[in-house]
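So the structure is just underneath, and the comments pick up after that.
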Amino acid sequence: MKKFALWLLLTCGALTTTAQTTTTVLTVYKEFQPATIHLTDGRLLKVGFANIYLKNSSLLYKSGQDTKEANLKTLTKVDFKDRTYYRIDSVLAYQVDTVGNQQLYCAQRIDFMAWNQLRVNNSNITSLDFGDLMSYTTVDLADEQDIHFPLINVYYLQIDGKYVLAHERNLKRVLNKEKRRLMTSVMSEPGFSWTNEKSLLKLLKYIQ
């Protein structure tokens with residue numbers, strides 16, 4: 001039955017946004033990786049199998065035969081071999097780059113707007129719950145090469161030690177009048193986008 005559900009996703013996959021980044025797995029890494037978890041009380045916890053869950057940018061880890069989702073309130077960051085993920089609000093995000101004393105972070109997750117639109121447009125899968133797919137292991141999903149989940153990048157700016165979701169409304173709350181003027185100037189340039197890393201790094205350069 002579950003294989004049939006995955007087949008339905010395959011047959012309807014063409015209805016997702018073609019220009020959008022997609023993934024065939026529900027985690028950042030196709031295979032679980034060793035990681036060091038920095039706890040809020042200062043302790044370090046080393047785990048042999050961990051991953052970033054793209055459903056909500058949280059931490060997954062294996063305990064015996066079970067895959068569990070960590071309580072993000074208990075940790076500050078997670079070190080993987082290739083990068084470090086920092087807890088920002090209720091997500092884990094990695095550092096894209098630094099401009100002066102300011103940083104740009106990115107959290108990746110499934111685009112649920114695109115996902116839900118797919119469900120609405122296809123009555124055959126309206127009863128398929130996202131949680132059903134998590135019963136598959138990472139390897140199981142990787143074997144289904146033609147199943148693509150739409151991804152979005154959510155960006156955060158660290159300004160004066162505070163994390164701010166990259167959006168005009170949010171930034172206006174933390175910037176003074178002069179820096180808001182500079183932000184407006186950068187936003188007016190052709191090609192500026194709140195989801196473009198080059199745009200956001202240029203913005204950081206102007207408002208630092």
Side-chain angles (χ1 to χ4, degrees), residues 20-21 23 26-29 32-47 49-61 68-113 151-208:
Q20 193 166 30
T21 301
T23 180
L26 298 177
T27 51
V28 168
Y29 302 102
F32 278 59
Q33 307 286 322
T36 300
I37 303 172
H38 295 247
L39 301 176
T40 54
D41 61 8
R43 290 182 298 146
L44 300 181
L45 178 63
K46 295 184 180 294
V47 294
F49 301 93
N51 218 323
I52 303 298
Y53 190 16
L54 290 172
K55 177 184 177 183
N56 52 6
S57 301
S58 63
L59 178 67
L60 295 179
Y61 65 96
K68 299 182 178 181
E69 185 173 350
N71 180 358
L72 291 190
K73 293 181 179 180
T74 65
L75 59 91
T76 58
K77 63 181 180 178
V78 183
D79 295 324
F80 288 92
K81 182 178 180 180
D82 61 334
R83 63 172 49 145
T84 296
Y85 282 82
Y86 300 83
R87 177 169 66 89
I88 300 176
D89 295 332
S90 59
V91 303
L92 290 174
Y94 64 89
Q95 184 175 302
V96 176
D97 207 345
T98 297
V99 179
N101 295 322
Q102 324 283 37
Q103 290 84 37
L104 175 64
Y105 294 87
C106 177
Q108 297 172 295
R109 70 178 188 224
I110 300 293
D111 185 344
F112 281 101
M113 290 186 65
L151 285 179
I152 54 174
N153 291 331
V154 180
Y155 292 98
Y156 292 85
L157 308 175
Q158 188 179 44
I159 301 175
D160 298 329
K162 298 179 180 179
Y163 293 112
V164 183
L165 182 65
H167 190 279
E168 179 182 5
R169 181 179 62 252
N170 301 82
L171 274 181
K172 280 185 175 180
R173 296 172 181 170
V174 299
L175 298 180
N176 59 35
K177 184 177 180 180
E178 175 58 20
K179 289 185 177 182
R180 288 199 297 269
R181 185 188 66 79
L182 292 172
M183 179 183 70
T184 301
S185 176
V186 176
M187 288 172 52
S188 65
E189 295 183 359
F192 177 86
S193 171
W194 290 102
T195 58
N196 181 277
E197 292 181 1
K198 290 184 178 180
S199 294
L200 296 175
L201 289 172
K202 185 173 184 178
L203 176 61
L204 276 179
K205 181 180 179 180
Y206 273 74
I207 64 175
Q208 64 177 313

Taking the side chain as every heavy atom from C-beta outward, state whether Gln108 and Ile52 have any pair of such atoms under 4.5 Å apart. no
Which pairs count as salt bridge (charged side-chain N to carboxylate O under 4.0 Å, His left out) when at least one residue sits in residues 185-204, sequence neighbours excluded? Glu189-Lys202
According to salt bridge (charged side-chain N to carboxylate O under 4.0 Å, His left out), does anything in residues 73-89 pair up with another residue at least two apart or in another chain? List the pairs. none
Looking at OH of Tyr29 and CG of Leu54, how far apart are the two atoms once the value is rounded to the nearest 0.5 Å? 11.0 Å
Hey, does Phe32 have a side-chain heavy atom less than 4.5 Å from the side chain of Val47? no
Decide yes or no for Leu26 and Lys55: does some side-chain heavy atom of the first lie under 4.5 Å from some side-chain heavy atom of the second? no
Where is the tightest heavy-atom contact between Thr74 and Asn71, given as atom of each residue plus distance? OG1-O, 2.7 Å
Quick check against the 3.5 Å criterion: does Thr76 have a side-chain atom that pairs as donor or acceptor with the backbone of His38? yes
Side chains of Leu175 and Ile207: closer than 4.5 Å at any heavy-atom pair? yes
Heavy atoms, side chains only, cut-off 4.5 Å: are Tyr85 and Leu59 in contact? no
For the residue pair Val28 and Asn51, establish whether any side-chain heavy-atom pair is separated by less than 4.5 Å. yes
Walk me through it: do Asn153 and Thr195 pass the test side chain to side chain contact (heavy atoms under 4.5 Å, CB included)? CA-CA 7 Å; Asn153 291 331; Thr195 58; over 6 Å; no
Asp111 side-chain N/O to Ile152 backbone N/O, donor-acceptor pair under 3.5 Å: no
Only distances under 3.5 Å count here; give the side-chain donor-acceptor pairs of residues 97-105 to other protein atoms, sequence neighbours excluded, each with its distance to 0.1 Å.
| from | atom 1 | to | atom 2 | distance (Å) |
| --- | --- | --- | --- | --- |
| Thr98 | OG1 | Gln95 | NE2 | 2.9 |
| Gln102 | OE1 | Asp160 | N | 3.4 |
| Gln103 | NE2 | Asn101 | O | 3.3 |
| Tyr105 | OH | Gln95 | OE1 | 3.3 |

Let me confirm one number: the CG-CG distance from Leu72 to Asn56, rounded to the nearest 0.5 Å. 7.5 Å
Apply side chain to side chain contact (heavy atoms under 4.5 Å, CB included) to Leu151 and Ile110, showing your working. CA-CA 5 Å; Leu151 285 179; Ile110 300 293; 4.0 Å; yes
Taking the side chain from Arg109 and the backbone from Ser57, do they hold a donor-acceptor pair closer than 3.5 Å? no
Side chains of Leu75 and Leu92: does their closest heavy-atom pair fall under 4.5 Å? yes
Can you tell me how far the CG atom of Leu157 sits from the NZ atom of Lys162, to the nearest 0.5 Å? 14.0 Å
Enter the distance from Asn176:CG to Leu182:CG here, rounded to the nearest 0.5 Å. 8.5 Å
Please list all pairs meeting salt bridge (charged side-chain N to carboxylate O under 4.0 Å, His left out) that have one or both residues in residues 166-177, counting only residues at least two apart or in different chains. Glu168-Lys172
Can you name the residues that form a side-chain contact (heavy atoms from CB on, under 4.5 Å) with Val164, not counting sequence neighbours? Asn170, Leu171, Val174
Phe192 atom CZ: more than 12 heavy-atom contacts under 6.0 Å: yes
Separation between OG (Ser193) and CE (Met187), nearest 0.5 Å, reads 10.5 Å
Sorted by chain and residue number, the side-chain hydrogen bond (donor to acceptor under 3.5 Å, both in side chains) partners of Thr184 (sequence neighbours excluded) come out as none
Rounded to the nearest 0.5 Å, what's the gap from CG on Leu39 to CG on Leu44? Could you check? 7.5 Å
Between Tyr163 and Tyr86, does the ring centroid distance fall short of 6.0 Å? no
So do Cys106 and Tyr94 actually touch side chain to side chain, heavy atoms under 4.5 Å? yes
